[in-house]
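Worksheet: one structure, shown below.
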Amino acid sequence: PVRQTIMDLFAHGAQRAPRVPLATRMRPQTLDEMVGQSALLAVGSPLRTAIERDRLPSCLFHGPPGTGKSTLARGIAAAAGQPLAEVSAPLLRDRTTLVRLLAGLAPGSVLFLDEAHALPPTLLDALLEAMAEGRLSLVLSDGVFARNITLRLPAFTLVAATTDAGAILPALRSRFGLREALGHYDDGTLAEVVRGAAAKAGAEATPEGALRLAQAARGTPREALRLLERALEQGPGVLHLDPHGVERLLARLGYDGEG
């Protein structure tokens, strides 16, 4: 969703909007548009089957940065036909923040919790109660008096992502019905990503040029698209990317022969 403030309205037209990275502009919007992670996304896979049967469990995806965990969460919400809410675990500073987040969800939402390993332990019990029972037990204090209340929450499905699965609190890890590892992409798959993005950007990458760029991308679409963007920034005439052009770019960026 687009967020707009009063200051945004006054500033409209006065300054140029910040440039959106190519990796963001080319991000797949659906699961079918995603390239790679074929075992996870194949027809008949546990994830696909759960979505088709409208029985999506809480999910935990772990793997290196840039391998598509956030994109996957957005694709799941789109495939399930449900609203998506996103939050990074370090931003959940206290119980009040968590309560406001959960109480404000649209019914049926997919809640994407990024950096789940950074969830404060003090919030664990509240999140587990919300996941299991759809409610939160709260204590309201008024001076010397206090009373317990139960806050009913909208139904939601938690989709969490982490780069450090071992740091996920064990009590939380056990609540995920689907736990999947996302690995690095192979060079051929990344070359496919590069060629598709180049075409959408009005350029052409030869198979050899796309493959050389892929080999320098450290196994992630994010890095491959960052390198492609740097190549396209060399000038408006860069419409054809071949191995020689890629080698010049990599040399200028300080990459060695191994990428």
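Count residues from 1 along the sequence. It should be emphasised that the depicted structure is a prediction, and the values quoted were computed from it without experimental measurement.
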Indicate yes or no for a side-chain donor-acceptor contact from [X] to the backbone of [Y] under 3.5 Å, with no hydrogens or angles considered.
X: Thr49; Y: Ser45; value: yes
X: Lys69; Y: Ala160; value: no
X: Lys200; Y: Met26; value: no
X: Glu247; Y: Asp242; value: no

Short N-O contact, [X] and [Y], less than 4.0 angstrom:
X: Asp187; Y: Arg212; value: no
X: Arg230; Y: Glu233; value: yes
X: Glu33; Y: Arg27; value: no

Could you give the distance from [atom1] ([X]) to [atom2] ([Y]), rounded to the nearest 0.5 Å?
X: Leu56; Y: Leu47; atom1: CG; atom2: CG; value: 7.0 Å
X: Leu213; Y: Leu249; atom1: CG; atom2: CG; value: 7.0 Å
X: Leu153; Y: Leu151; atom1: CG; atom2: CG; value: 5.0 Å
X: Met34; Y: Leu72; atom1: CE; atom2: CG; value: 5.0 Å
X: Glu115; Y: Leu91; atom1: CD; atom2: CG; value: 8.0 Å
X: Glu208; Y: Leu241; atom1: CD; atom2: CG; value: 11.5 Å

| request: Check whether more than 12 heavy atoms from other residues, nucleotides or ligands sit under 6.0 Å from atom CG of Asp54, and answer yes or no. | output: no

| Are more than 12 heavy atoms from other residues, nucleotides or ligands located less than 6.0 Å from atom CZ of Arg93? | no

| Between Glu229 and Arg226, does a salt bridge (Lys or Arg N to Asp or Glu O under 4.0 Å) hold up when you go through it step by step? | CA-CA 5 Å; Glu229 185 167 31; Arg226 187 189 74 82; over 6 Å; no

| field | side-chain hydrogen bond (donor to acceptor under 3.5 Å, both in side chains) contacts touching residues 169-184 (sequence neighbours left out) | value | none

| note | Sorted by chain and residue number, the side chain to side chain donor-acceptor pair (under 3.5 Å) partners of Glu129 (sequence neighbours excluded) come out as Ser137

| query | What's in the same ILVMFWY side-chain cluster as Leu190, cut-off under 4.5 Å, chained through other members? | reply | Tyr185

| task | Using the rule that two of Ile, Leu, Val, Met, Phe, Trp, Tyr join whenever any of their side-chain heavy atoms come within less than 4.5 Å, decide whether Ile149 and Leu98 are in one cluster. | result | yes

| task | Indicate, with yes or no, if Leu227 and Leu211 share a hydrophobic cluster defined by side-chain heavy-atom contacts under 4.5 Å among Ile, Leu, Val, Met, Phe, Trp and Tyr. | result | no

| field | Close side-chain approach of Leu138 to Asn148, heavy-atom, < 4.5 Å | value | no

| said: For a side-chain hydrogen bond (donor to acceptor under 3.5 Å, both in side chains) check, start with the C-alpha distance between Thr162 and His62, then their side-chain angles and the critical distance, and finish with the verdict. | reply: CA-CA 5 Å; Thr162 179; His62 56 92; over 6 Å; no

| Going through the distances and angles, do Phe156 and Met131 end up as a side-chain contact (heavy atoms from CB on, under 4.5 Å)? | CA-CA 8 Å; Phe156 71 94; Met131 293 173 65; 4.1 Å; yes

| query | Going through the checks in order, is the salt bridge (Lys or Arg N to Asp or Glu O under 4.0 Å) test met by Asp32 and Arg48? | reply | CA-CA 11 Å; Asp32 291 334; Arg48 290 279 196 179; 3.0 Å; yes

